[in-house]
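Single-structure report; data block below.
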There are 2 protein chains.
Amino acid sequence: MNKEEVIKRICETYAPLSRACQQELLDNGMMLFLEKNHILVREGQHSDKTYYIINGCARAYYLKDGKDITDWLAFENEFISSIISFFTHQPSPHYIELLEDSVLVEFSKSKIDELADKYHDFERLIRMVVTKTMLSQQEKIASMQFYSAKEKYANILAIRPDITQRVPLTFIASYLGITLETLSRIRNPRN
Amino acid sequence: MNKEEVIKRICETYAPLSRACQQELLDNGMMLFLEKNHILVREGQHSDKTYYIINGCARAYYLKDGKDITDWLAFENEFISSIISFFTHQPSPHYIELLEDSVLVEFSKSKIDELADKYHDFERLIRMVVTKTMLSQQEKIASMQFYSAKEKYANILAIRPDITQRVPLTFIASYLGITLETLSRIRNPRN
DNA sequence: CGCCGAGTTGAACTGAATCAAGAAACGTGG
DNA sequence: CCACGTTTCTTGATTCAGTTCAACTCGGCG
């Protein structure tokens, strides 16, 4: 997939853009080819970038008292960024790390704001991206409030059946808010 | 506070609007004076309204297997709506209920979408509202992943010291994802 | 071949839930 | 303004899901 196709796909997913706006966006997205384990953002950095994943996957995580807690997982055709840093210009509390060799398109906040100012249709697209993210978070909150460890695991498997092939169990566990040991027991068919 | 002042305040909080847009928004917001315990939205309804709270407070909650789980609390100068229904046009999984006699301004989704189409600056305002909501949710997720019952209670008290005077402990407990009994023990100074 | 990181299994522990009973506060009507 | 019933909150005893700590297994890779 090349950059043109990425832009086209983003328009289809979120909201259409004029030719001119598409072209400017194209000029301002940088394609990155990076290896598994590459760290896109470190704790304490000011990160004003967002990354659209063409291929591969990534996780955002916190280090809290030495413990590694996965906060977000993103796959093909999703955006990932240090949302706190990106939207509030504060230093990032997250790390963002690639879990596979990945192809990304990087966009900077300043360019996004500039384009949102210039093009009404781009402003709408950003609104749609943010709205979608908000709805995913709403789902995550509901899942944390309602479901047992077992149910949360079943939920994530239903949404993304290949996740155990792509993401180490430690990260899945901490994404679900449980320990690796608990996840391992859940997965054991005898329980 | 009258409607003009509300619009002005919203512009200050989120993003400025042209005179024309402010006027149209004004014409389309309906002021409501409602009593404590009034239910704004019921489970299963299609709710395409959002409410800006001028005075009072409200909660969104689920009924899950007969258990009442508070999902969101909102106070003066905040919006509340059944976010799933509002943004996805699905039937609401939430109830929304007033916790005090309240003054609200009601806006309908169709008008908001219409204005967002017509005015670039209004589109931006909506983007800002959604972004802010998303950031609050991010905080809530982090608080659920990191903190013990005691810490979560301390957090919410720090943000809103008068909450125990305004919101029954049952709702605070379920908002924090703990039981009423646990909250009661936490509050007991001997523990 | 042997090491190392990822995952599994076991046993003991714990924070919070559940169940149950009672106390305090609240509001409504007489 | 008080009495009574209802709702809200507290306290206690018990249980349980999930954590913690520790030892072990397995598979891949230098």
Side-chain angles (χ1 to χ4, degrees), chain A residues 35-39 57 59 61-70 73 97-101 140-141 143-157 162-191, chain B residues 35-39 57 59 61-70 73 95 97-101 140 143-157 162-191:
Chain A
E35 292 201 325
K36 179 170 171 169
N37 299 324
H38 179 87
I39 296 193
C57 63
R59 70 179 183 118
Y61 65 101
Y62 294 88
L63 285 188
K64 157 96 174 170
D65 315 325
K67 272 185 310 185
D68 171 321
I69 299 173
T70 299
L73 293 169
E97 174 192 53
L98 298 181
L99 301 178
E100 296 174 349
D101 294 351
K140 182 168 190 193
I141 290 171
S143 113
M144 294 173 90
Q145 267 179 336
F146 289 148
Y147 298 117
S148 67
K150 198 168 204 160
E151 290 167 327
K152 286 187 279 187
Y153 179 63
N155 282 166
I156 208 175
L157 267 193
D162 61 344
I163 196 169
T164 55
Q165 270 72 78
R166 301 181 64 184
V167 179
L169 292 183
T170 328
F171 302 153
I172 298 176
S174 80
Y175 179 69
L176 298 177
I178 63 180
T179 59
L180 172 61
E181 293 92 328
T182 298
L183 180 57
S184 180
R185 284 184 247 270
I186 285 165
R187 285 162 48 82
N188 185 326
R190 288 196 306 287
N191 303 327
Chain B
E35 293 202 322
K36 179 170 172 169
N37 298 324
H38 180 88
I39 296 193
C57 62
R59 71 179 183 118
Y61 65 101
Y62 294 87
L63 284 188
K64 157 95 174 173
D65 314 326
K67 274 185 308 186
D68 172 320
I69 299 173
T70 299
L73 293 169
Y95 292 79
E97 175 192 52
L98 297 181
L99 301 177
E100 296 174 348
D101 293 352
K140 182 168 188 191
S143 113
M144 293 173 90
Q145 268 179 337
F146 288 147
Y147 298 117
S148 68
K150 198 166 206 161
E151 290 167 326
K152 284 187 280 187
Y153 179 63
N155 283 165
I156 208 174
L157 267 194
D162 61 345
I163 196 168
T164 54
Q165 271 71 76
R166 302 181 64 185
V167 179
L169 292 183
T170 331
F171 303 153
I172 299 176
S174 81
Y175 179 69
L176 297 177
I178 64 181
T179 60
L180 172 61
E181 293 92 327
T182 299
L183 179 57
S184 180
R185 284 183 246 271
I186 285 165
R187 284 163 48 83
N188 184 325
R190 289 197 305 287
N191 302 326

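Within every chain, numbering begins at 1; the chains are lettered A, B, ... in the order of the sequence lines, protein sequences first and strands thereafter. All of these numbers come straight from a predicted model, not from anything done at the bench.
Here the straight-line distance linking atom CG of Leu183(B) with atom CD1 of Ile172(B) works out to 6.5 Å at 0.5 Å rounding. Distance check, rounded to the nearest 0.5 Å: OG1 of Thr182(A) to NZ of Lys152(A) gives 10.0 Å. Expressed to the nearest 0.5 Å, how far NZ of Lys67(A) lies from CZ of Phe146(B) amounts to 8.5 Å. In this structure, Phe171(A) CZ and Leu176(A) CG are separated by 13.5 Å, a value rounded to the nearest 0.5 Å. Note that the CD1 atom of Ile163(B) and the SG atom of Cys57(B) stand 8.0 Å from one another [nearest 0.5 Å].
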Given protein heavy atoms under 4.0 Å, the one-letter contact record of nucleotides 14-22 of chain D, with B base, S sugar-phosphate only and - none, is simply ----SBBB-
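Pairing analysis of DNA chain D (Watson-Crick: purine N1 to pyrimidine N3 plus N6-O4 or O6-N4; G-U wobble: N1-O2 and O6-N3; both under 3.5 Å) yields stems of 3 or more pairs at C:1-30 with D:1-30.
Residues Lys140(B) and Gln145(A) meet the side-chain proximity criterion, which asks for heavy atoms closer than 4.5 Å.
In this entry the distance linking CG of Leu176(B) with P of dA17(C) reads 11 Å, nearest Å. When the P atom of dT11(D) is taken as reference, atom CG of Leu169(B) falls 12 Å away, rounded to whole Å. When rounded to the nearest whole Å, the span between CD of Gln145(A) and C1' of dA16(C) equals 15 Å. Remark: C1' of dG27(C) and NZ of Lys36(B) are 11 Å apart, rounded to the nearest angstrom. Gln165(A) places its CD atom 15 Å from the C1' atom of dA6(C), with the value rounded to the nearest Å. Between the CZ atom of Arg187(B) and the C1' atom of dA24(C) there is a distance of 13 Å, rounded to whole Å. dT8(D) atom C1' lies 13 Å from atom CG of Asn37(B), rounded to whole Å. As a whole-Å value, the separation of Tyr153(B) OH from dT10(D) C1' is 14 Å.
The minimum heavy-atom distance linking Thr164(B) with Leu157(B) is given by the pair CG2-CD2, 4.3 Å.
One finds a side-chain N or O of Thr170(B) lying less than 4.0 angstrom from the OP1 or OP2 phosphate oxygen of dC9(D). Between Asn188(B) and dT11(D) there is a side-chain N or O to OP1 or OP2 distance below 4.0 Å.
Of the possible polar contacts, one joining the Asp101(A) side chain to the Lys36(A) backbone as a donor-acceptor pair under 3.5 Å is found. A donor-acceptor distance shorter than 3.5 angstrom exists from the side chain of Ser174(B) to the backbone of Thr70(B), with no hydrogens or angles considered.
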